[in-house]
Amino acid sequence: PPARGVVQLQDVEFTYPGADDPVLSDINLTARPGGMTAIVGSTGAGKTTLLSLIPRLFDVTGGRVLLDGLDIREYDPAQLWERIGLIPQKAFLFTGTVASNLRYGNPDATDEELWRALEIAQAKDFVAEMPEGLNAPVAQGGSNVSGGQRQRLAIARALVKQAPVYLFDDSFSALDVATDARLRRALRPISAHATVIVVAQRVSTIVDADQIIVLENGRVVGTGTHDELLAGCATYVEIVQS
Ligand code: DUT
Ligand code: MG
């Protein structure tokens with residue numbers, strides 16, 4: 001059956017290898033295509049850890065993660081990775097060119113597809129301004145581009161995969177407010193058919209989410225829309241007011 005992108009976490013618990021205590025416990029959530037799920041919580045709450053379980057960067061130590069109804073441990077790892085576009089909290093680039101960085105994950109992408117992804121990621125203008133364009137060199141660690149540019153190239157790289165699931169780990173807070181807003185607008189056609197999970201800090205990023213999951217010390221302390229959580233979740237109120 002074709003990939004749809006329904007992500008489910010069921011009674012998930014996770015303890016880092018060698019650690020004594022779980023950093024995530026009793027996590028239950030369902031994220032569906034055509035909607036955006038936002039994950040909020042203070043630093044150390046477990047947001048990055050939660051996202052890392054979906055492409056199996058780590059395996060759960062309790063409960064299970066399902067993609068389209070199937071335990072992710074049943075997938076061939078490469079097949080799972082193909083279906084998930086992960087934009088890490090700390091974006092990284094390889095030594096090479098803009099194009100080689102973008103094609104990581106989808107070697108067959110056409111130049112046109114690369115430009116389309118760059119456009120959505122708000123990275124088209126600065127790449128077009130480079131004399132070599134898509135063939136512009138990327139120095140070791142992406143040291144010849146700014147942090148915000150690196151972030152947007154990492155977003156474009158994930159979009160080139162055309163995955164049914166996208167995981168954005170705090171990808172927007174490093175961007176200025178205007179770029180952030182343009183980027184989220186440009187992502188709407190994608191979230192209309194894909195499953196999008198974003199870890200976010202700015203209220204503007206999360207107010208429109210179809211569901212918001214509030215994490216505190218590795219546990220879900222609230223699930224709902226912005227208005228529902230404002231009315232019923234003290235932790236959420238604290239987060240959005242800080
Ligand atoms: N942790 C480890 N080992 C790791 C990564 C994290 O023990 O390799 C711990 C640190 C923290 C908890 O797991 O107590 C959750 O960390 P995570 O990075 O998931 O938190 P976050 O919500 O993403 O924090 P931030 O907002 O700072 O990104
Ligand atoms: Mg994090």
Side-chain angles (χ1 to χ4, degrees), residues 7-31 36-65 67 72 77 80-81 84-93 121 141-142 147-148 150-155 157-158 165-177 180 183-184 187 195-207 209 211-224 226 229 233-242:
V7 174
Q8 287 170 285
L9 276 68
Q10 295 180 339
D11 302 323
V12 162
E13 184 199 82
F14 179 70
T15 305
Y16 274 102
D20 294 328
D21 300 317
V23 294
L24 293 172
S25 303
D26 300 323
I27 307 288
N28 286 284
L29 70 90
T30 301
M36 181 175 101
T37 298
I39 299 177
V40 301
S42 54
T43 182
K47 305 180 295 294
T48 295
T49 305
L50 192 160
L51 289 190
S52 73
L53 301 176
I54 300 170
R56 280 190 77 193
L57 302 186
F58 291 98
D59 274 328
V60 296
T61 49
R64 54 188 197 150
V65 181
L67 176 62
I72 56 172
L80 181 66
W81 185 246
I84 297 170
L86 169 68
I87 299 93
Q89 193 165 11
K90 269 188 78 81
F92 56 89
L93 296 175
R150 194 181 313 150
Q151 193 69 48
R152 283 175 277 163
L153 290 173
I155 292 169
R157 172 199 286 151
V165 179
Y166 289 102
L167 310 174
F168 292 92
D169 193 352
D170 215 355
S171 309
F172 310 114
S173 48
L175 305 175
D176 64 78
V177 174
D180 176 8
L183 174 53
R184 283 184 293 104
L187 283 171
T195 298
V196 176
I197 305 181
V198 300
V199 168
Q201 296 188 15
R202 282 198 187 122
V203 178
S204 57
T205 314
I206 53 188
V207 280
Q211 65 169 344
I212 304 166
I213 313 276
V214 188
L215 277 188
E216 188 174 50
N217 293 324
R219 286 175 186 275
V220 177
V221 297
T223 302
H226 176 74
L229 290 167
C233 178
T235 307
Y236 185 74
V237 173
E238 224 170 86
I239 289 167
V240 297
Q241 284 176 350
S242 65

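These numbers come from a predicted model, not from an experiment. Atoms within a ligand are numbered from 1 in the order they appear, just like the ligands themselves.
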- Are any of the N/O atoms in Thr43 less than 3.5 Å from those in ligand 1?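 Yes; at least one N/O pair falls below 3.5 Å.
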- Query: So, is Gly41 polar-close to ligand 1, with some N/O to N/O distance under 3.5 Å?
  - Reply: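 No, Gly41 has no N/O under 3.5 Å of an N/O on ligand 1.
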- Roughly how far, to the nearest 0.5 Å, is CD1 of Ile72 from CD1 of Ile84?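 It is 6.5 Å, given to the nearest 0.5 Å.
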- Item | Spacing of Asp170 atom CG and Ile87 atom CD1 [to the nearest 0.5 Å] | 12.0 Å
- ligand 1 versus Val23: contacting region, heavy-atom distance under 4.0 Å: side chain
Specify the protein heavy atom at minimum distance from [atom]: its residue, its atom name, and the distance to 0.1 Å.
atom	answer
atom 15 (C) of ligand 1	Gly44 O, 3.4 Å
atom 18 (O) of ligand 1	Thr48 CB, 3.8 Å
atom 8 (O) of ligand 1	Tyr16 CE2, 3.5 Å
atom 26 (O) of ligand 1	Lys47 NZ, 2.7 Å
atom 28 (O) of ligand 1	Gln89 NE2, 2.8 Å

- Task: Report yes if some heavy atom in the side chain of Val7 is under 4.5 Å from a heavy atom in the side chain of Ile54; otherwise report no.
- Result: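 Result yes, sub-4.5 Å side-chain heavy-atom pair found.
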- Would you find a donor on one side and an acceptor on the other, under 3.5 Å apart, between the side chain of Arg184 and the backbone of Ser204?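 Yes, because the side chain of Arg184 sits within donor-acceptor range (under 3.5 Å) of the backbone of Ser204.
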- Message: Donor-acceptor check, side chain of Thr61 to backbone of Glu13, threshold 3.5 angstrom: yes or no?
- Response: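 Looks like yes, one N/O pair under 3.5 Å.
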- Item | Closest candidate by heavy atom, reference atom 19 (O) of ligand 1, pool Val199, Asn217, Thr49 |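 Among Val199, Asn217, Thr49, the closest heavy atom to atom 19 (O) of ligand 1 comes from Thr49.
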- Quick one: does atom 2 (C) of ligand 1 have a protein heavy atom under 4.0 Å from it?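 Protein heavy atom within 4.0 Å of atom 2 (C) of ligand 1: present.
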- Query: With a cut-off of 2.8 Å, does any N, O or S atom of Thr48 fall short of it relative to the Mg ion (ligand 2)?
  - Reply: yes
- Query: Taking 2.8 Å as the cut-off, does an N/O/S atom of Gln89 lie below it from the Mg ion (ligand 2)?
  - Reply: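 Given the 2.8 Å cut-off, Gln89 counts as a ligand of the Mg ion (ligand 2).
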- salt bridge (charged side-chain N to carboxylate O under 4.0 Å, His left out) between Lys47 and Asp169, worked out: CA-CA 8 Å; Lys47 305 180 295 294; Asp169 193 352; over 6 Å; no
- Query: Hey, mind stepping through Asn28 and Gln10 against side chain to side chain contact (heavy atoms under 4.5 Å, CB included) and telling me if it holds?
  - Reply: CA-CA 5 Å; Asn28 286 284; Gln10 295 180 339; 4.2 Å; yes
- Heavy-atom contact under 4.0 Å between Ala19 and ligand 1?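 Checking ligand 1 against Ala19, which is what was asked, there is no heavy-atom contact under 4.0 Å.
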- Take Leu53 and Leu24 through the test side chain to side chain contact (heavy atoms under 4.5 Å, CB included) and record every step on the way to the result. CA-CA 11 Å; Leu53 301 176; Leu24 293 172; 3.8 Å; yes
- Looking at Ala45, which atoms of ligand 1 are within less than 4.0 Å of one of its heavy atoms? 20 (O), 22 (O)
- Task: Kindly assign one of parallel, tilted or perpendicular to the pair His226 and Tyr236, based on the angle between their ring planes and the thresholds 30° and 60°.
- Result: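 Taking Tyr236 first and then His226, their aromatic rings stand perpendicular (interplane angle over 60°).
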